Amino acid sequence: MIRPFIALLVFWVASLGCQSSHAQSEASAEREGGFETVRIALAPSFISRASGLEEWQTGLGARASASTPYYGGRLELEISWAPWTTNESSLPDFQALSLLAGWSISTSSEYRIGLGGGFLVGNVFMLIDIDESEDGRFESEIIVAPFVRILGKIKDNTHAFVEFRGVRFYTRPRLEYADISMGITLDLETPAWLRRFLR
């Protein structure tokens with residue numbers, strides 16, 4: 001069930017790059033003025049469906065990200081957290097902290113409603129709820145996360161968004177889940193020192 005969902009997200013992200021002439025004209029402007037602004041996003045997240053993780057259920061998570069114009073799209077950095085609770089007494093609970101980086105594209109910011117998508121890659125760090133003296137209390141896995149995002153303009157520098165993503169853990173066997181989040185973004189002018197550093 002999760003694999004077709006991830007394939008659909010990848011297709012949507014790829015199609016965004018081919019559909020919008022507005023995105024292409026915006027791309028040239030962003031290339032010239034890259035890193036001029038930084039977009040901060042905050043959102044709760046909910047994991048709606050998991051494959052390979054049926055022995056656990058997750059509560060409400062939290063996500064924070066920052067992005068900036070970069071080569072016709074946006075460079076994205078994200079940190080997220082979610083608690084996982086086991087359904088079986090023989091298995092431990094764990095906390096998952098994810099650090100991700102990636103790139104996204106979107107339709108023109110002139111529109112009231114916009115569509116975007118992208119791809120994130122990073123690590124999930126798991127703190128497993130077992131005795132500190134036991135081995136295997138910490139685990140780290142590579143994850144990838146294609147996503148589709150719908151944005152609604154509130155003001156010129158403020159947007160509400162809904163994001164759908166598929167996440168895959170590169171373990172043996174592979175683990176996957178679908179995730180939905182809703183939140184607010186705020187566009188700020190990038191400090192001059194940070195703009196120089198990024199360039």
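Just so we're clear, the structure is a prediction, and the values are computed from it rather than from any experiment.
Around atom CD of Glu134, more than 12 heavy atoms belonging to other residues, nucleotides or ligands sit under 6.0 Å away. The local environment of CD1 in Ile142 is sparse, with at most 12 non-hydrogen atoms from other residues, nucleotides or ligands closer than 6.0 Å.
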Inset, instruction - List the steps and the verdict of side-chain contact (heavy atoms from CB on, under 4.5 Å) for Leu186 and Ile184. - result: CA-CA 7 Å; Leu186 179 64; Ile184 296 290; 5.6 Å; no
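Between Thr86 and Pro92, the shortest heavy-atom contact is CB-O, 3.9 Å. Summarising the geometry of Ser45 relative to Ala62, their closest heavy-atom pair is OG-N, 4.0 Å, with the distance given to 0.1 Å. Considering all non-hydrogen atoms of both residues, Gly152 and Ile113 come closest at CA-CD1, 3.9 Å. Of all the heavy atoms in Val124 and Ser98, the pair that sits closest is CG2-OG, 3.6 Å. When every heavy atom of Ile130 is checked against every heavy atom of Arg137, the shortest pair comes out as O-NE, 3.3 Å. Heavy-atom minimum distance, Arg112 versus Ile154: NH2-O, 4.0 Å.
Side-chain contact between Leu127 and Leu97: absent, with no pair of heavy atoms (C-beta onward) separated by less than 4.5 Å. Put simply, the side chain of Leu77 does not reach to within 4.5 Å of the side chain of Leu100, judged on heavy atoms.
Residues meeting the salt bridge (charged side-chain N to carboxylate O under 4.0 Å, His left out) test with Glu78, sequence neighbours left out: Arg63, Arg165. Qualifying side chain to side chain contact (heavy atoms under 4.5 Å, CB included) partners for Thr171, counting only residues two or more places apart in sequence or in other chains: Glu141, Phe169, Leu175. Evaluation of the side chain to side chain contact (heavy atoms under 4.5 Å, CB included) rule for Ala64 yields Leu42, Ile79 as partners, not counting sequence neighbours. For Phe94, the ring pair (Phe, Tyr, Trp, His ring centres under 6.0 Å) partners two or more places apart in sequence, or in a different chain, are Trp56, Trp84. With sequence neighbours left out, the side-chain hydrogen bond (donor to acceptor under 3.5 Å, both in side chains) criterion links Gln95 to Trp81. Under the side-chain hydrogen bond (donor to acceptor under 3.5 Å, both in side chains) criterion, Ser67 pairs with Arg74, sequence neighbours left out. Under the side chain to side chain contact (heavy atoms under 4.5 Å, CB included) criterion, Leu151 pairs with Arg39, Arg149, His159, Phe161, sequence neighbours left out. In this structure Ser89 satisfies the side-chain hydrogen bond (donor to acceptor under 3.5 Å, both in side chains) test with no other residue, sequence neighbours excluded. Residues that satisfy the side chain to side chain contact (heavy atoms under 4.5 Å, CB included) test with Ser90, not counting sequence neighbours, are Glu88. For Asn157, the side-chain hydrogen bond (donor to acceptor under 3.5 Å, both in side chains) criterion is met by no residue, not counting sequence neighbours.
Note that CD of Glu76 and OH of Tyr70 are 13.5 Å apart. Values are rounded to the nearest 0.5 Å. In this structure, the separation between CG on Leu99 and CZ on Phe125 is 5.0 Å, given to the nearest 0.5 Å. The distance from atom CD1 of Ile128 to atom CG of Asp135, rounded to the nearest 0.5 Å, is 11.0 Å. Note: Thr85 OG1 to Asp93 CG = 4.5 Å, rounded to the nearest 0.5 Å. Annotation: the span from Glu163 atom CD to Asp179 atom CG amounts to 7.5 Å, rounded to 0.5 Å.
At distances below 3.5 Å, not a single donor-acceptor pair connects side-chain atoms of Glu55 with backbone N or O atoms of Leu53. Thr37 contributes no side-chain N or O that, together with a main-chain N or O of Leu188, makes up a donor-acceptor pair within less than 3.5 Å. A donor-acceptor distance shorter than 3.5 angstrom exists from the side chain of Thr107 to the backbone of Leu115, with no hydrogens or angles considered.
Here Leu60 sits alone; no ILVMFWY side chain lies under 4.5 Å from its own, so it joins no hydrophobic cluster.
The ring pair (Phe, Tyr, Trp, His ring centres under 6.0 Å) pairs that include a residue from residues 126-145 number zero, where partners must be two or more places apart or lie in different chains.
Ser140 and Asn123 share a donor-acceptor pair across their side chains, judged by distance under 3.5 Å alone.
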